[in-house]
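Taking it in order: structure first as structure tokens, then the write-up.
Residue numbers start from 1 in every chain, and the chains themselves are labelled A, B, ... in the order their sequence lines are given, proteins ahead of strands.
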Amino acid sequence: MTAKLPRSFYLQDTVTVARSLLGCVLWRRIGRELLAARLVEVEAYLGANDSASHARRGLRSARNESMYLEGGHAYVYFTYGMHWCLNVVTAEGDIAEAVLLRAAEPLRGIETMRERRSKAKRDRDLMNGPAKLCSAMAVGKSLDGEPLDGNALWLTARDQAVNEDDIAVSHRIGVENSGESAHWPLRFFIRGNPYVSR
DNA sequence: TTATTGATTGACT
DNA sequence: GTCAATCAATAAA
């Protein structure tokens, strides 16, 4: 059993956390059921100065309140009237930085994930998108603001090495109309991995 | 007060 | 490739 990532991991620079999360394993416990997936695609959101962030210009509401928690908590938000997305909060309290978990490779509990994601035709379609990842792992409002070293949701270190050269970088997805930060290189994914969203 | 817009997905042409 | 679903936060009036 691999140890849960310590709180100090999430207090590093947000881009460092984002890159370091690639290859790490996300765990979800629901009763006796244990699900796991290897992260293959993430995006960094850099708080008040990031025009694509929910916390742009210091915006703060009930919805994004957990973005302002200290690093090591979950920020789960509802979007498009029907989807949930999961972020790993970074930085100290009151600094709204976070990493959006966009795609993962299912490792454990795949049959259960298939039940939750009945529209997925292949295993690679189970978690190749931020809302798909949440659907597969039953992540919703109940986990918003929860610590990431708890009993329902946590992360462990890479189960296999990831070379820096294998980390590809691009602009973030779905933020084309969000102003000057739209082109910032804050999406990180494992080059060539079949489980990335695109 | 009303209108617009999503950190998306899946169905359809 | 286009587009509807569906609702909350924000922007506009």
Could you tell me whether [X] contacts a base, only the sugar-phosphate backbone, or nothing, with contacts defined as non-hydrogen atoms closer than 4.0 Å?
| X | answer |
| --- | --- |
| A/Arg172 | nothing |
| A/Ala131 | sugar-phosphate |
| A/Arg117 | sugar-phosphate |
| A/Asn64 | nothing |
| A/Arg57 | sugar-phosphate |

ask   = Taking for each residue the nucleotide of DNA chain B with the nearest heavy atom, is it A/Ala120 or A/Tyr80 whose nucleotide lies nearer the 5' end?
value =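 Counting from the 5' end, the first nearest nucleotide belongs to A/Tyr80.
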query = When the nearest nucleotide of DNA chain B is assigned to A/Lys119 and to A/Gly174 on a heavy-atom basis, which residue is associated with the more 5' position?
reply =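 Looking at DNA chain B, the more 5' nearest nucleotide goes with A/Gly174.
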message = Students should find this one: the first and last nucleotides of DNA chain B, 5' to 3', lying under 4.0 Å from a heavy atom of chain A. What are they?
response =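 So the contact region on DNA chain B extends B/dG6 to B/dA11.
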ask   = Earliest and latest nucleotide of DNA chain C, 5' to 3', sitting under 4.0 Å from a non-hydrogen atom of chain A?
value =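 Under 4.0 Å from chain A, the extent on DNA chain C is C/dA5 to C/dA11.
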Note: [X]-[Y] ion pair, threshold 4.0 Å (strictly below):
| X | Y | result |
| --- | --- | --- |
| A/Lys132 | A/Glu41 | no |
| A/Asp159 | A/Arg38 | yes |
| A/Arg28 | A/Glu33 | no |
| A/Asp125 | A/Arg122 | yes |

key: Pairwise P distance for B/dA7 and C/dA12, with rounding to whole Å   =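 Pairwise P distance, B/dA7 against C/dA12, rounds to 16 Å.
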message = Taking only the C1' atom of each, what is the distance from C/dC3 to B/dT5 in whole angstrom?
response =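 So the two C1' atoms sit 16 Å from each other.
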ask   = Okay, side chain of A/Arg19, backbone of A/Ile167: is any donor-acceptor separation there less than 3.5 Å?
value =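 It does not hold such a pair.
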message = Do A/Thr2 and A/Trp27 make a side-chain contact, defined as non-hydrogen atoms from C-beta onward lying under 4.5 Å apart?
response =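 With C-beta onward as the side chain, the pair stays apart.
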query = Do A/Trp154 and A/Leu148 have side-chain heavy atoms sitting under 4.5 Å apart?
reply =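 No, too far: nothing below the 4.5 Å cut-off.
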Can you tell me if [X] and [Y] form a side-chain donor-acceptor pair at under 3.5 Å?
| X | Y | result |
| --- | --- | --- |
| A/His73 | A/Tyr10 | no |
| A/Ser135 | A/Trp84 | no |
| A/Ser181 | A/Asp50 | yes |
| A/Tyr45 | A/Glu43 | yes |

remark   = For DNA chain B, the expected dot-bracket line (Watson-Crick or G-U under 3.5 Å, [ ] crossing, | inter-strand) is ||||||.|||||.
